[in-house]
Amino acid sequence: MSALYGTYARSELAFERGEGVRLFAQDGTAYLDFHSGIAVNALGHSDPHLVAALKAAADKVWHISNVFTIPEQERLGQRLVEATFADSVFFTNSGAEALECAIKTARHHFFAKGEPERYELICFTGSFHGRTLGTIAAGGNPGYLEGFGPPLPGFVHLAPGNLHAVEQAIGPQTCAILIEPVQGEGGVTAMTAEFMRGLRALCDKHGLLLILDEVQCGYGRTGKFFAHEWSGITPDIMAVAKGIGGGFPLGACLATAEVAKSRVPGTHGSTYGGNPLACAVGNAVLDRVLASGFLDHVDRMGQKLAWRLQQLAQRFPQYVVEMRGKGLLAGIKITPPVRDFVTRLRHDQHLLTQGAGDNVLRLLPPLIVTEADIEEAVGKIADAFAALDHEAALAPTGA
Ligand SMILES: *Cc1c(COP(=O)(O)O)cnc(C)c1O
């Protein structure tokens, strides 16, 4: 019996080491990783550049607190500002904390402007923003809210896709619109470019802030540095995490100067956020993600994966309902229960994947994945579908 909280239905599988897109179990068995620790290991496992950066940082100062200047953090912040819409960055340890900072930044912006009554955020069903009290309220998933007392007020939820409904929901209390450009946990649903542009236009028209949650879909995963780049718009605030640390806990809230300017000393803080080890690794991740050709590679592999999954859907129409996602945040809605199918892929095919809402099988390979890896993974999924067919043929019918 484990000493740990039972919050996860964990597999007993434990990994000893990893290399690129492969993980090796304690008994030496190799697994193909199309999971990436849920979209975190952007550069796969044991990337030599990241390992060297962490080892070098470990010989220096591990932790110092944000009451001192942290050169690695200054550098990472400067580089993120240069590569995005943002002028200012707050570093966190996780995605939920990046969202907390984003929500607080939006509310505080209007407070500082003398409009404290503007604190409501328009959010969307099917979202996932984290597991803190604030972010479960923002996500609005009833299953995650139940049992934890009254939800934090100030969030309304609409089905994504309907700009007219969004405009109707805007009132004198509204401060921002919060959305994942590609919903991850909720079912790998990519917003259309028209909807994203429409939200930006509504924010401009009504003086609201646009907050993007790019914790899962950002940092190269869709084939652009950030997913909103596909629609040609920019947000006012953006939450980032997962891929940013390549496996080291790190997150960030990015904002424009206009919005960030109210966050003066005393208005926010984090003991560990932007710590030297995390930011040394973060800088090494950025070296790779922004290197010439890297995002083109992700885009090509994303198209390759989509094409291969399309062929799979044609071959197994009884199991594949539809294709979803963008780039290397790919989903297929399937008919067999996704939990069992993820287990089957892991157990029988040694392929690691992740389920998502709406019975979607989520494929999240490291961004360094090759064409051969994609062929192999899709072949394994095909073998698992064929095994289901075979079992169905053997199963007694009727009574
Ligand atoms: C994972 C995730 C979060 C929460 O990140 P944590 O690091 O688990 O707190 C928030 N938003 C999205 C879109 C995510 O995928």
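One-based numbering, in listed order, for ligands and for the atoms of each. Only a predicted model underlies this, so the values are computations on that prediction, with no experimental measurement involved.
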> Is the number of heavy atoms from other residues, nucleotides or ligands within 6.0 Å of CZ (Arg197) greater than 12?
yes

> Assess the residue pair Arg308 and Gln311 against the criterion (side chain to side chain donor-acceptor pair (under 3.5 Å)); give the C-alpha distance rounded to whole Å, side-chain angles, the decisive distance to 0.1 Å, and a yes or no.
CA-CA 5 Å; Arg308 280 291 176 226; Gln311 290 175 319; 2.3 Å; yes

> Mind telling me whether Tyr31 and His350 have parallel, tilted or perpendicular rings, with 30° and 60° as the class edges?
tilted

> Can you confirm if the NZ or CZ of Arg107 lies within 45° of the ring axis of Phe155 and under 6.0 Å from the centre of its six-membered ring?
yes

> Is the contact between Ser94 and ligand 1 made by the side chain, the backbone, both, or neither, using heavy atoms and a 4.0 Å cut-off?
both

> How close do Ser270 and Asn93 get, counting heavy atoms only, and between which atoms?
OG-ND2, 3.7 Å

> Please confirm whether Val215 comes within less than 3.5 Å of ligand 1 when only nitrogen or oxygen atoms on both sides are compared.
no

> Looking only at N/O atoms, are Ala241 and ligand 1 under 3.5 Å apart anywhere?
no

> Could you pull out, from Glu180, Gln216, Lys242, the option with a heavy atom nearest to atom 2 (C) of ligand 1?
Lys242

> Give yes or no for whether the N/O distance cutoff of 3.5 Å, strictly under, is met between Glu97 and ligand 1.
no

> Tell me which protein heavy atom sits closest to atom 5 (O) of ligand 1, plus the residue, atom name and distance to 0.1 Å.
Gly95 CA, 3.2 Å

> Please report whether ligand 1 has a polar contact with Ala96, defined as an N or O pair separated by less than 3.5 Å (distance criterion only).
yes

> With a 6.0 Å cut-off (strictly less than), is the heavy-atom count around CZ of Phe85, excluding the residue itself, greater than 12?
yes

